[in-house]
Amino acid sequence: MKTMKSIWNKSASLLATAGAWLSTGSLSLAATVNDLPGGPSVLQLNLPPAVTAIAREQQWLHWFMLILCTVIFVAVFAVMFYSIWKHRKSRGHKPAAFHESVTVEIIWTVIPFIIVILMALPATKVVVAMKDTSNADLTIKATAMQWKWGYDYIKGEGEGIGFVSTLDADQREMSNNGGPKKGEIVDDYLFKVDNPLVVPVDKKVRIITTANDVIHAFAVPAFGIKQDAIPGFVRDTWFRAEKIGDYHGQCQELCGKEHAYMPIHVKVVSAEDYSKWVDGERKKIAALADDPSKVWTLAEITQRGEKVYAQNCVACHQTHGKGSGAIKALDGAAVIRDADKAKQIMVLLNGQNNGAMPAWKSLSDTDIAAVISYTKNHWSNQTGQVVQPAEVAALRK
Amino acid sequence: MSAVLDHHDHAHDDHHDHAPTGWRRWVYATNHKDIGTLYLLFSFTMFIVGGILALLIRAELFQPGLQLVNPELFNSLTTMHGLIMVFGAIMPGFVGFANWMIPLQIGAADMAFARMNNFSFWLLIPAGLMLVGSFWMPGGAPAAGWTLYAPLTLQQGPSMDAGIFAMHILGASSIMGSINIIVTILNMRAPGMTLMKMPMFAWTWLITAYLLIAVMPVLAGAITMTLTDRHFGTTFFNPAGGGDPVLYQHIFWFFGHPEVYIMILPAFGIISQIVPAFARKRLFGYTSMVYATSSIAILSFIVWAHHMFTTGMPVTGQLFFMYATMLIAVPTAVKVFNWIATMWQGSMTFETPMLFAVGFIFVFTMGGFTGLILAMAPIDIQLQDTYYVVAHFHYVLVAGSLYAMFAGYYYWAPKWTGVMYSETRGKIHFWWSLIAFNVTFFPMHFLGLAGMPRRYADYPMQFADFNALASVGGFAFGLAQVYFFLFVVLPAMLGHGEKAPQRPWEGAEGLEWEVPSPAPFHTFETPPKLNAAANKILA
């Protein structure tokens, strides 16, 4: 099997060379474009370079089939063309009389049957691998809609992030105007989006697809994946990208007039870059939710704080704020009544008593400010102090 | 009793002498030859209409960017090109061949149900008008692809209803045509023409007719459900009401895959007639050809979901449909081997029918191999809905079905018209078509492998070169067919050309060559007495 694979690989590189030669040759009518890394190449003749194990298997299978079919094709038609050459009336060939042979019929039924089985065996292995979407490190829901993609990070690092990805408006306009003008080099024509899907390298990413309106298809050729996004239904596929880079695909199921204008851009980044990106997105989301520089009134902020308290604090500190057992009372607590607001903020951000009071960093500045203001003005703690989100932000490290 | 029979005979003769003339001959036509001619003319007209749509598509795709049409109209063009070519050109085309040739080949006087035959043809006219006319309806022609996938069909304008109605009518017409063919073949064969002595064309059509009767109602069901989803509040396919869009695809392809064989089996039949005629040698493995054709027909019912690998099936489903699909390669290979064995040690000449037949075997086999590659589910995941699929089905439908019809035309037109075509012009038509076809569709394999999706009005710059090449080839191919009509068909229709002998092909066998050229209006009014091989009339 190994030697076979190397033969396929050699043929692959041969064809690639041929392609490169062609692209420099006279065939190239539009010289004003370059290959798009992670997307199509100029005069590309075969599947794109594989970036996942599945895509590599597909490529191998394709070469295997192509060579096998070519060999059979050449063998069969060599016979036909020999016959066409030799058994002509103009060469004085007299027709033979045979017209039946059960033996021959059986032979040429059995041989194709065996070849078909040989073809099916390696394919089966890949089908099984392709369909195994278990144990994903990261699960992302891709929701197709006319005519954009919505991505929601469902599980794994980045959980909760969600955004919509749309084709660059200028490129759409360019298409209406007859495409890129002469001399204008737009390598990512119809591939450029506002928000690419970002995933970490070498992690198993499971993509769940669904749609809001009609059927679309999520496809990234370099990963060897294509999965219809069907309204009312949830389907999944997976990939584990092995190389950092940008990879491009397009919607592959007719979905109405803008079918050609809903590309897919997957940005594969290193684990650290991914974490940084997740942090950035988180901050963006938090920022979007509440303006951190907003100055709240006492009534407003305690109202908000009551909700935050109910969601996060009440389980331990109780509605009455007196705590129980090891849980400290909030009602009348010195740190709360203290005029130095920073003390309580630090407790919430960092926790206390070796984590008996956990750190609440994950809450937004506004939520922390709100819940502190609430406790400072509830029960018997009528301090009248208001903590603003900006004060929390200043102490956050 | 004898008086009654006598009377009957007189009435018959009467009819003979006063055959309707002028427009009545065609509108009231009950003669299988006239109806066959009508079918063929309708088919060619729709072929030209569908071809013009294809050229508009190719013109738009000549360069990246939108130049000629907007994306909505582009989708209408691809949809209507598909519907018109499949339901308007190829299917009626083969019915035309069946009408002309089956009674002649089996020694029957006419089709079994002459008036139903008339009706099934004339149904095509309103259906064809409705399909073509849908371009001028509010919202434009249907734009959901020829497969009419829900729920996109539920978003379409009123033309979708016209399209559905047209498909219903075409389906009814096909079913009537099929019943007629089955009854004719099973009941009206001349004495001595047993089933296993029947010409292959009749055999393939018998099997095709059964396929049609089995699956046309399935299509009718799918599009009726679409219709009620659109207008009467049902939600068969509408997920908003708990419907299942994938169910539509299952129903459609349960029709659609046998439909593919409906379009290719009669082509196999024509090729199986022509190859022995020009090899001057009997068809090799007649029995195995019959069995292979039947196996293909039966297998065609259990492979439909290979069109749906990307919808997300369970592993077992994918494996089953992958194996079943690959199995079809076996009987198809047997057919190709039989044709080559027929040519082997023959005494071949290469008049135009034979050129098209050899061209068919060669190029169709390429389509067969890409089909095998697509059958592999893991590869199909990459290629589904790309131009590779477009290349594949044009290799089997154009180089397959259409080439077989061209071959059949050149082979039988002398019998129909009584004049020979010009061999030079036939050869020009063949080579021109063959080269232009490959220039058009071969680059599409590369586009598909590189990931260019089908049904795209505009595409990334990297796909520009092969698209430009395909467009140039497409126009050349279109022109070749205009040449075919103006310089081959038209002269024959006007009766220009050398007078055709009764048997213009030295090696041709079969009852159609036992009647004069052109075939008289009525043939085999009394059942002919046949020789043992049932291919000659004993005087």
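Lettering follows sequence order; numbering is per chain, from 1.
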Chain B contact via M80(A) - which portion, at a heavy-atom distance below 4.5 Å | both
Show the numbers, then the answer: is there a side-chain contact (heavy atoms from CB on, under 4.5 Å) between D244(B) and F233(A)?
-> CA-CA 8 Å; D244(B) 184 348; F233(A) 291 80; 3.5 Å; yes
Which atoms of Q59(A) come close to chain B, meaning under 4.5 Å heavy atom to heavy atom: side chain ones, backbone ones, both, or neither?
-> neither
Nearest 0.5 Å, what's the NZ-OG1 distance between K89(A) and T349(B)?
-> 6.5 Å
Working to the nearest 0.5 Å, report the span between CE of M348(B) and NE2 of H87(A).
-> 7.0 Å
Heavy-atom contact with chain B under 4.5 Å, split by part of F98(A) = both
So V214(A) and Q155(B), side-chain contact (heavy atoms from CB on, under 4.5 Å) or not? Walk me through it.
-> CA-CA 9 Å; V214(A) 300; Q155(B) 293 183 343; 3.5 Å; yes
Between atom CZ of F309(B) and atom CG of D228(A), what is the distance when rounded to the nearest 0.5 Å?
-> 13.0 Å
Closest-packed option against chain A by number of heavy-atom pairs under 4.5 Å, given Q67(B), H445(B), Q63(B), R280(B) = R280(B)
L47(A) backbone acceptor or donor facing Q382(B) side chain under 3.5 Å = no
Could you tell me which portion of I225(A) (side chain, backbone, both or neither) has an atom closer than 4.5 angstrom to a non-hydrogen atom of chain B?
-> backbone
Tell me, for A217(A) versus chain B, whether the close heavy atoms (under 4.5 Å) come from the side chain, the backbone, both or neither.
-> neither
Which atom of L449(B) lies closest to which atom of P48(A), heavy atoms considered = O-CD, 3.7 Å
Check: T311(B) main-chain N/O paired with R235(A) side-chain donor or acceptor under 3.5 Å = yes
Closest non-hydrogen atom pair between P112(A) and V330(B), with its separation = C-CG2, 4.1 Å
Turns out that what part of S101(A) lies under 4.5 Å from chain B's heavy atoms comes down to both
Please state whether the side chain, the backbone, both or neither of I230(A) comes within less than 4.5 Å of a heavy atom of chain B.
-> side chain
Under 4.5 Å heavy-atom distance to chain A, tell me which part of A144(B) shows up: side chain, backbone, both or neither.
-> backbone
Heavy-atom contact with chain A under 4.5 Å, split by part of M308(B) = neither
Does the N75(B) side chain pair with the main chain of G256(A), one donor and one acceptor, at a distance under 3.5 Å?
-> yes
Select one option (side chain, backbone, both, neither) describing which atoms of L73(B) are under 4.5 Å from chain A's heavy atoms.
-> neither
Check whether any side-chain heavy atom of T109(A) lies under 4.5 Å from a side-chain heavy atom of Y291(B), and answer yes or no.
-> no
With a 4.5 angstrom heavy-atom cut-off, could you sort out which part of C255(A) is near chain B: side chain, backbone, both or neither?
-> backbone
For the atom pair NE2 (H99(A)) and CG (N338(B)), what is the distance rounded to the nearest 0.5 Å?
-> 12.5 Å
Would you confirm whether K131(A), through its side chain, and Q318(B), through its main-chain N or O, come within 3.5 Å as a donor-acceptor pair?
-> no
Exercise: identify the closest heavy-atom pair between A450(B) and P40(A) | O-CB, 4.2 Å
Please flag which part of Y149(B) lies under 4.5 Å from any non-hydrogen atom of chain A: side chain, backbone, both or neither.
-> side chain
Output every pair passing salt bridge (Lys or Arg N to Asp or Glu O under 4.0 Å) with a member in residues 91-101 of chain A, not counting sequence neighbours, ordered by first then second residue.
-> none
For F113(A), is it the side chain, the backbone, both or neither that has a heavy atom under 4.5 Å from a heavy atom of chain B?
-> both
Where on A150(B) is there a heavy atom nearer than 4.5 Å to chain A: the side chain, the backbone, both, or neither?
-> backbone
Scored by heavy-atom pairs under 4.5 Å with chain A, the best of V246(B), V358(B), I340(B), T386(B) is I340(B)
Examine F350(B) together with W85(A) and report whether their ring centres are nearer than 6.0 Å.
-> no
At a heavy-atom separation under 4.5 Å, does D236(A) approach chain B through its side chain, its backbone, both, or neither?
-> neither
Report the option among L68(B), L152(B), I379(B) that has the most heavy-atom pairs separated by less than 4.5 Å from atoms of chain A.
-> L152(B)
Donor-acceptor contact present, side-chain Q462(B) to main-chain D35(A), <3.5 Å = no
What part of M119(A) is in contact with chain B, defined as an atom under 4.5 angstrom from a non-hydrogen atom: side chain, backbone, both or neither?
-> both
Given the options P378(B), P239(B), G448(B), P245(B), which has more heavy-atom pairs under 4.5 Å with chain A than any of the others?
-> P378(B)
With only heavy atoms counted, which part of F463(B) is less than 4.5 Å from chain A, the side chain, the backbone, both or neither?
-> side chain
Please determine, among E72(B), M326(B), R454(B), the option with the most heavy-atom pairs under 4.5 Å with chain A.
-> M326(B)
Value for CD1 (I373(B)) from CG (L61(A)), rounded to nearest 0.5 Å, stands at 10.5 Å
Decide if the gap between the ring center of Y189(A) and the ring center of Y459(B) is smaller than 6.0 angstrom.
-> no
Quick one: does S347(B)'s side chain have a donor or acceptor within less than 3.5 Å of a partner on H93(A)'s backbone?
-> yes
Taking every non-hydrogen atom, the tightest pair across M461(B) and V33(A) | CB-CG2, 3.4 Å
With a 4.5 angstrom heavy-atom cut-off, could you sort out which part of E60(B) is near chain A: side chain, backbone, both or neither?
-> neither
Take D458(B) and Y261(A) through the side-chain contact (heavy atoms from CB on, under 4.5 Å) test and state the conclusion after the steps.
-> CA-CA 8 Å; D458(B) 191 7; Y261(A) 305 107; 3.5 Å; yes
Enter the distance from E105(A):CD to T287(B):OG1 here, rounded to the nearest 0.5 Å.
-> 8.0 Å
Interface residue of largest heavy-atom contact number with chain A, from L154(B), T370(B), L66(B), T342(B), under 4.5 Å = L66(B)
Y323(B) portion near chain A, given a 4.5 angstrom heavy-atom threshold | side chain
Given a strict heavy-atom distance threshold of 4.5 Å, which part of T124(A) is in contact with chain B: side chain, backbone, both, or neither?
-> both
For E258(A) and P71(B) the tightest heavy-atom approach is OE2-CG, 4.2 Å
Determine yes or no for a side-chain-to-main-chain donor-acceptor pair under 3.5 angstrom, with K226(A) supplying the side chain and I381(B) the backbone.
-> yes
Checking A123(A) against chain B: side chain, backbone, both or neither under 4.5 Å from a heavy atom?
-> both
So which part of M343(B) gets closer than 4.5 Å to some heavy atom of chain A, the side chain, the backbone, both or neither?
-> both
Below 4.5 Å from any heavy atom of chain A, which atoms of N70(B) appear? Answer side chain, backbone, both or neither.
-> neither
Could I get the full list of side chain to side chain contact (heavy atoms under 4.5 Å, CB included) partners for T365(B), not counting sequence neighbours?
-> F73(A), F77(A), V336(B), I361(B), F369(B)
Checking A333(B) against chain A: side chain, backbone, both or neither under 4.5 Å from a heavy atom?
-> side chain
Is it true that a side-chain atom of H259(A) and a backbone atom of Y456(B) form a donor plus acceptor pair closer than 3.5 Å?
-> no
